[in-house]
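Accompanying notes for the structure given below.
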Amino acid sequence: MALGMHKLGAKKREARKSLRQPGWITLEGGFAARACVVEDLSSSGAKLTVADNNTLPARLRLAFTRDARGGRPCEVVWRRGRTVGVKFVR
């Protein structure tokens with residue numbers, strides 16, 4: 001019974017695609033891009049691994065190329081060690 005409930009809950013959560021792909025973080029108003037690893041990605045957010053999450057502010061941009069002029073604005077929603085969860089914002 002509990003297994004069925006777990007499956008139901010999992011369906012509600014947005015499907016995340018496992019990537020383990022390099023990404024680049026730029027800070028608002030900043031020009032230097034920092035490397036990160038995009039662990040997984042959904043339409044609403046991503047899980048990232050960074051060298052040092054203590055220096056990450058609440059808002060940043062995530063791009064898939066080092067020329068991070070593009071990228072998507074994000075807000076950090078959780079931090080666990082070197083892993084952070086971000087949600088995409090407009």
Hey, are the side chains of [X] and [Y] touching, using non-hydrogen atoms and a 4.5 Å cut-off?
{"X": "V38", "Y": "F64", "value": "yes"}
{"X": "I25", "Y": "L56", "value": "yes"}
{"X": "L27", "Y": "P57", "value": "yes"}
{"X": "S44", "Y": "K87", "value": "no"}
{"X": "L19", "Y": "D40", "value": "no"}
{"X": "V86", "Y": "K47", "value": "no"}

Minimum heavy-atom distance [X]-[Y], with the two atoms named:
{"X": "L62", "Y": "A46", "value": "CD2-CB, 4.2 Å"}
{"X": "V89", "Y": "C74", "value": "CG2-N, 4.0 Å"}
{"X": "R59", "Y": "R90", "value": "NH2-O, 4.4 Å"}

Can you measure from OG1 (T49) to CZ (R80) and round to the nearest 0.5 angstrom? 12.0 Å
Say you draw a straight line from OG of S42 to NZ of K17; how long is it, rounded to the nearest 0.5 Å? 12.0 Å
Joint cluster assignment, V76 & L48, ILVMFWY side-chain distance < 4.5 Å: yes
Is there a donor-acceptor pair under 3.5 Å between the side chain of R61 and the backbone N or O of G71? yes
Donor-acceptor contact below 3.5 Å, side chain R82 vs main chain V50: yes
